[in-house]
Protein chains: 2
Amino acid sequence: MIDDISLQILKILQEKARIPNVEVARQVGLAPSAVLERIRKLEKQGIIDGYEVRLNPEKLNRNLVAFLQISLVRPEAYEDVAAALTALPDTQEVHFVSGNDVFLVKMRSSCVAELHHTVQKQIAGLPGIARVNTRIALATHKESATIPLDAISPETRSSALF
Amino acid sequence: MIDDISLQILKILQEKARIPNVEVARQVGLAPSAVLERIRKLEKQGIIDGYEVRLNPEKLNRNLVAFLQISLVRPEAYEDVAAALTALPDTQEVHFVSGNDVFLVKMRSSCVAELHHTVQKQIAGLPGIARVNTRIALATHKESATIPLDAISPETRSSALF
DNA sequence: ATTGAAAGCATACGTGG
DNA sequence: CCACGTATGCTTTCAAT
């Protein structure tokens with residue numbers, strides 16, 4: 001069961017994870033040690049999965065986002081293809097989506113040449129692959145992994161117990 | 001210019017952002033104060049964009065991932081549609097992709113009913129929208145925003161200067 | 001959940017490479 | 001320009017309540 005205070009803590013951390021505990025305590029109106037205990041519990045429950053730094057892709061020369069739709073000739077190739085796609089360093093996401101039985105892959109590369117190389121040399125030749133449909137993001141208006149915590153209903157909270 | 005040590009610091013923080021400075025210093029073999037100075041510089045350069053907590057979507061009842069492909073009747077609607085999509089709480093990503101002049105939207109919802117509601121009530125009726133093609137992720141094999149720092153070449157490093 | 005004490009850590013500054 | 005060591009003031013952590 002997650003109460004309002006823990007939810008508030010998650011919300012604070014989701015925006016600024018590297019703020020001191022005392023500051024969180026001040027914002028939620030508890031003693032620092034109480035906040036710490038709650039955070040530890042959230043970590044043990046697996047609700048908090050870890051802490052990450054947000055890096056700027058542009059500054060690190062990774063500003064090309066592309067989506068690949070990959071269809072298979074043989075369904076048996078599924079596991080191997082999924083593993084191969086997952087292993088590529090430029091791969092950020094690999095989903096299997098309904099509709100046309102295809103993988104939807106999000107890649108982040110440094111430039112078109114690198115993307116081309118990856119698609120041609122590392123993906124297109126994988127056994128079992130039928131087609132690779134590459135689409136480049138011309139503009140990105142939003143990109144986050146944030147989970148909206150305002151929308152968490154009471155039922156949801158109790159389901160987060162185990 | 002990013003050198004190996006700063007790169008190593010980024011790599012450490014990308015996995016565990018909430019570890020003490022001293023620990024980072026120990027791992028890279030510098031004094032804590034030197035590490036701090038480098039981190040501050042990376043922040044000021046905009047390479048480090050912030051710190052986030054990674055929450056577990058399953059524990060918070062947000063385990064349904066869907067991708068929408070949205071095409072427009074009129075190109076003039078572009079800005080308004082982009083803004084409306086971005087504003088929805090379940091929206092995690094909004095890209096404009098090459099190919100068929102469509103938005104590619106990643107949504108994370110609690111259940112099919114909620115997704116349906118969002119698509120029908122908040123999206124399908126927006127002025128200027130032609131079609132909404134919804135595809136649900138049946139399986140997710142990889143999902144991360146991590147930038148592969150091993151692949152950073154010397155040229156890239158110098159381009160990160162400004 | 002709080003308090004308070006002890007340990008550990010962040011940070012500024014002075015020094016030197 | 002960058003790293004180090006040190007001193008000071010915080011923060012974290014734990015035991016007791």
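Chain identifiers are assigned alphabetically (A, B, ...) following the order of the sequence lines, protein sequences preceding nucleic acid strands; residue numbering begins at 1 within each chain.
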In whole angstrom, what separates B/Glu37's CD from C/dA10's C1'? 14 Å
With the side chain of B/Arg38 defined as its heavy atoms from C-beta on, choose the nearest nucleotide among D/dC2, D/dT11, D/dC4. D/dC2
Any luck finding a side-chain donor-acceptor pair between B/Gln122 and B/Thr118 under 3.5 Å? no
What heavy-atom pair brings B/Ser109 and B/Asp90 nearest, and what distance separates the two atoms? OG-OD2, 3.2 Å
For A/Ile39 and C/dA1, give me the distance from atom CD1 to atom P, rounded to whole Å. 13 Å
Please tell me if B/Lys41 has a side-chain N or O lying less than 4.0 Å from either OP1 or OP2 of D/dC2. yes
Write down the distance between CZ (B/Arg18) and C1' (D/dT12), rounded to a whole number of angstrom. 11 Å
Would B/His95 and A/Phe67 count as a close aromatic pair, with their ring centres under 6.0 Å? yes
In chain order, what residues pass the side chain to side chain donor-acceptor pair (under 3.5 Å) check against A/Arg18, with sequence neighbours excluded? none
Answer yes if the side chains of B/Arg135 and B/Gln69 hold a donor-acceptor pair under 3.5 Å, and no otherwise. yes
Return yes when atom CZ of B/Arg74 has more than 12 non-hydrogen atoms of other residues, nucleotides or ligands closer than 6.0 Å, and no otherwise. yes
When every nucleotide of nucleotides 11-17 of chain C is labelled 5' to 3' by its protein contacts under 4.0 Å (heavy atoms), B for base, S for sugar-phosphate only, - for none, what sequence of letters results? SB-----
What I want to find out is whether A/Glu43 reaches A/Arg38 closely enough, with some N-O distance under 4.0 Å, to be called a salt bridge. no
Apply side-chain contact (heavy atoms from CB on, under 4.5 Å) to the pair A/Leu68 and A/Phe103, showing each step before the final yes or no. CA-CA 8 Å; A/Leu68 314 183; A/Phe103 285 104; over 6 Å; no
Less than 4.0 angstrom from a charged side-chain N to a carboxylate O is my criterion; do B/Lys16 and A/Glu52 meet it? no
Any idea which of D/dC2, C/dA1, D/dA3 is nearest the A/Ala34 side chain? C/dA1
For the helix from C/dA1-D/dT17 to C/dG17-D/dC1, measure the angle between the helix axis at one end and the axis at the other, each built from five pairs, rounding to 10°. 30°
Would you mind reading off the distance between A/Ile5 atom CD1 and C/dA1 atom P, rounded to a whole angstrom? 7 Å
How many whole angstroms separate atom CG of B/Leu30 from atom P of D/dA3? 6 Å
